[in-house]
Amino acid sequence: MITSDLYYLNLVVLIPFISALVILLIPANYSRYISSFAVVATGVTMLISIYLCISYYLDDNYITGTFSPLTSIQWLPSLGITFQLGMDGISALMLLLNGLVAFGGTLIATRIENRNKEFFVLYLLLVSGVNGVFVALDLFFFFFFYELAVIPMYLLIAIWGSSTDFRTFAKSQDFARTKEYSAMKLVIYLSLGSVLVWVAFIGLYMFSDIHTFDFMILREQEFSREFQLVMFPLIAIGFGSLAGLWPFHTWSPDGHVAAPTSVSMLHAGVLMKLGAYGILRIGLELMPEGAAFWMPVVILLATVNVVYGAISAMGQNDLKYVIGYSSVSHMGYVLLGLATLNVLGVTGAVLQMFSHGIMTALFFVVVGGIYERTHTRDIGVLQGLFKNMPKSGLLFTIAGLASLGLPGLSGFAAELLVFIGAFQYNPIIGSLGVFAAAITAVYILRLIGRIFFGPIDDKWKSVTDSSRVEYLAGAILVAFIVGVGVWPFPWIELIDGSVSSIIGNLS
Amino acid sequence: MNIDDLIQISNLAVLVPLLPMASFVVLTVFGLYKKSQIASSISIASIFSSFIVSLLLLASLLSEGNVEGNWTWMSISSFTFNIGYTLDPISVLMALLVTSVSLSVQIYSISYMSGDPRYGWYYAAHSIFASSMLALVLTNSLLFLYISWELVGLSSFLLIGFWYEKRSAAEAAKKAFITTRFGDVGLLIAIIMLYLETDTFHIQEIVSNLGMIDGSKLTLIAFLLFLGAMGKSAQIPFHIWLPDAMEGPTPVSALIHAATMVAAGVFLVARLFEIFILQSSVLWFICLVGVSTSILAGFMALGHIDFKKILAYSTVSQLGLMFVALGASGLGHHETYNSPAAGLFHLVTHGYFKALLFLVAGVALHSIHKSSATIYEVRGMRINAPITSIAMLIGALCLIGIPPFSGFFSKEMILAAPLEIGGVGGTLLFLAVLFSCFLSAIYMTRLVLVVVQGDPLVDQGRVTDPPFAMILPIIVLTGTSIISGIVLVGPFNILGFISEGLSFHVDYVLASLSVVIGVGGIIIGLICFNKTDKLSPDVGRYLKPLSVWVDGGFYFDKVTNWMIQKGTLAFANLVAVFDRKIINDLFVDGIGMSPNFMGGLLRVTQTGYIAHYVTILAVSVVILFGIATLA
């Protein structure tokens, strides 16, 4: 093990956190410096995440899925709380995801003029919290970072978000809500979820032999079957609602729509993955018997997610809601993969977390750009934009093709593993998953066909293409979408060992 | 793996798809698509090299027999993924067909597409098509076959929607992709099921382990595989996308929607023939779908007046015949007939003559500067375009199956196949195939009569013979269309090549029957459609009861549109409203609002008036006192 990695692991959490504090000290009228500073901070975080991924992979740790490197500081010994960070292959991939999306989001957010100081403070706290969850190996700090990620969301949406302007829609529609409503719903949902999770955490603490929050000790311990059966639903629903588990998903499309572009990217791209990560890390690893008992229920709900989300997406005529519901559908694949409890399915689920994260972030880069330029999100009104926006069109098409599972792009590799895993569990569930991917093709291609192709409407004759910054943010994401798609093996290898060790625990 | 293994001629097979892929990457990633001349040169050079390599592979195959290259690409704890190629008669034959038609079409396009603002992009899309199509035919892994299968679909999408500013082109591209995608659901499910049963994606291994699979499961798998084939090869009810796909540039129709991609379904069934051969119910289903598609599409070809759509329906019809050949060969009692040879033979000959006919259509459309036209708009081709007219005539004779042109030989193989089954079913199938051949003779006669004969419309430009770069591929394809039949049954025994021991032998009764049917069709066509000028909606006069149906494409389009608009989209809207009104507003907001509501109820009691409080206090005391005394 390279000891310096230990510092780097702390840095991915600390850099965004400290940068947030530093920005607090910069006077608000230096707004250009603030945004440049934020870009540098997230850029460095991204580079460190990339480095951590590579070093974990080169170190051969990935084969067994050991946690490395591990930093461990006694915090409150009397309560069994330790400040303990470490990562395995799954965390490494999630760190990379957050690094990429956060950097892309910061690039997009440099456009923000209204109170950009406060925006970046909250944004960086959010990034730090998310990274913290992915590397925390102590339930107390897991929860701490989790809350750190959730709370800024409210302000980010309520202040910088956008309410729907109904006059921009051709047909009257009563789907969209105000940003205050969306922000409030999101926070209530996530807080209720975290209450359930916290109950389960306390339970784990109380029922552990030496009363500790230390994850490394807890994972060695076997909890009684009854305990697991009672506690697992709390984890599944608490984290599941964050992952968009049906029927606890309605906060997510609303939140996507109301949030400003860069926050939508983080929200759909990374925040929803926290839920899936929590189920995997806490649920599957600490309560294997509970998982085995309850998973048939989760698998049914996840199948509903996949099919229902796809059909709902087809029924929307608001650009952002289509993407919002497609997230519900795609997170369904993640939950489905997790719930199969076999190596292929869970590996596919983790890869899908990454794949969906970058792909949906890319969607929001483009959709946000279109909304900013045309001030409408109505699919019926937008038409033929490709003529003026070839770059946006290209980025959107790539994201769309990845989302419908085209081979050669990241979605296919992930979904194929989930399908095979689901088939092992039950052929009918697996077939429904495959079928839903075809429905995805319907709504995605319908969207591309409507808004980008066809003759350009006179109204949009003066619309400009993606700016350089948008294109750069998009290009980084595209590089990874194509990279994972064309060469999925290192990515699968990276997580395979960690997944196998979790699944090995199960049986 | 050691170096010696790598250095053998058959390993050149990997170059065949990789060269066009390299061309695609160079053109797109390095931005060379902006430079028209360079783009077309790179693309043509790459496909030409692939063609040469394919010839080398043929030589290697003839001298060394079937070869396979297999490498482990990836192996994790529970998942091994091999990648490799297989050189056998089927794959080499397909590679030669794809590279040669691709090459002709790309050369033809130099002048056809010149001046188009997205000329370079056109060639980039052609490159990725060639690459994925070649990977599809050469691979030995079902998973990789599926990957290429989807990429072929993507390139078809890109090329149909090449003129995306046209609403109709954008819609057609979308329709093609989505329709085939629903067939692909079956294909992917079948592949996953095969993987879970046999633990491999390797085609040869799967085939040799078929015994392990439960019988009814295997039937299901074969059926699902055929579903994928139906989508790609436009069999009823999936055929609706192919006529619309004619929105793409005409050379694209020649290559993708006539000669190669649409034949991928036939190729799939031929490639996995061992799976199908055990499933007589699925084979009958294949025959039934094939023959009904063939006849219905024949009528549709007869009913349409759009030049390219007539050819498209004719393609659908011929693909149906290929499936009949495959299904019937599988069902045949004769040992040697259990081979996909007949279907593949027709695939090859059809690939050449149908590409030829489309390129002829391209000449006509190019001359009048339109992307689609009715056959009446391009009349009088003989006057200024003699070479093109002769090429068209030869293409038509091939399709009708007049000896010694290529179609004659392959059609005879198709006719022979149902007779091998015997029984009532076999006889009926034979008669149906005969009828389909008869139909094709009529519609081709009509097409040639209208286009070649008559006087050109005054306001349209005249159809003239094109420049050299366009006429050369036409001449070459005419040559292959003429000789491919004779050469492939004579000096080069294609049937024996595909399945050992098989050879073509002329059954004189069958041959004369097929010629009589062909000539009969031509004569009837001549009688019906001779006076072309007066006969715009010509079918209406001679096939009155059918005309309504034929004009409407037998209502397939209408029914599917209705199902999509009224069925699927309405259902989707319903689900969306349900999610919003019931799940969100009623449950989520309802629960959110309930404390508010309860509070509202309680608030009524908090009036702030002392009098009210005292009253309530007094009443409560009385009630409590009453309870106490009663107790």
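By convention in this document, chain letters (A, B, ...) are assigned in the order of the sequence lines, proteins followed by strands, and residues within each chain are numbered from 1.
Ion pair A:D254/A:K320 not flagged as a salt bridge, since none of the NZ, NE, NH1 or NH2 atoms sits closer than 4.0 Å to an Asp/Glu carboxylate oxygen. We find that B:E150 and B:R181 are joined by a salt bridge, their nearest charged nitrogen and carboxylate oxygen being less than 4.0 Å apart. Salt bridge annotation for B:E247-B:K174: absent, with no cationic side-chain nitrogen under 4.0 angstrom from a carboxylate oxygen.
With a threshold of 4.5 angstrom between heavy atoms, A:F412 approaches chain B through side-chain atoms but not through N, CA, C or O. Within the 4.5 angstrom heavy-atom criterion, only side-chain atoms of A:Q383, from C-beta onward, approach chain B. For chain A, no part of B:L574 is nearby; none of its heavy atoms comes within less than 4.5 Å. Looking at A:I448, neither its backbone nor its side chain comes within 4.5 Å of chain B, counting heavy atoms on both sides. Using a 4.5 Å cut-off between heavy atoms, A:L417 contacts chain B through its side chain alone, with no backbone atom that close. Looking at A:Y308, the atoms closer than 4.5 Å to chain B (heavy atoms on both sides) sit in the backbone and in the side chain alike. There is no contact between A:W251 and chain B, counting heavy-atom distances below 4.5 Å. Both the backbone and the side chain of B:I147 come within contact range of chain A, judged by heavy atoms closer than 4.5 Å.
For the residue pair B:D214 / B:S216, a side-chain donor-acceptor distance below 3.5 Å is found, with atom types taken as modelled. Side-chain atoms of B:D116 and B:W163 form a donor-acceptor pair, as typed in the model, at a separation below 3.5 Å.
For chain B, the option among A:S431, A:P253, A:A310, A:G384 with the highest count of heavy-atom pairs below 4.5 Å is A:S431. With chain B as the partner, the residue from A:V499, A:V434, A:I188 showing the most heavy-atom pairs under 4.5 Å is A:V434.
Using bins of under 30°, 30° to 60° and over 60° for the plane-to-plane angle, the ring pair B:F177/B:F157 lands in the perpendicular bin.
When all heavy atoms of A:Y333 and A:G433 are compared, the closest pair comes out as OH-O, 2.9 Å.
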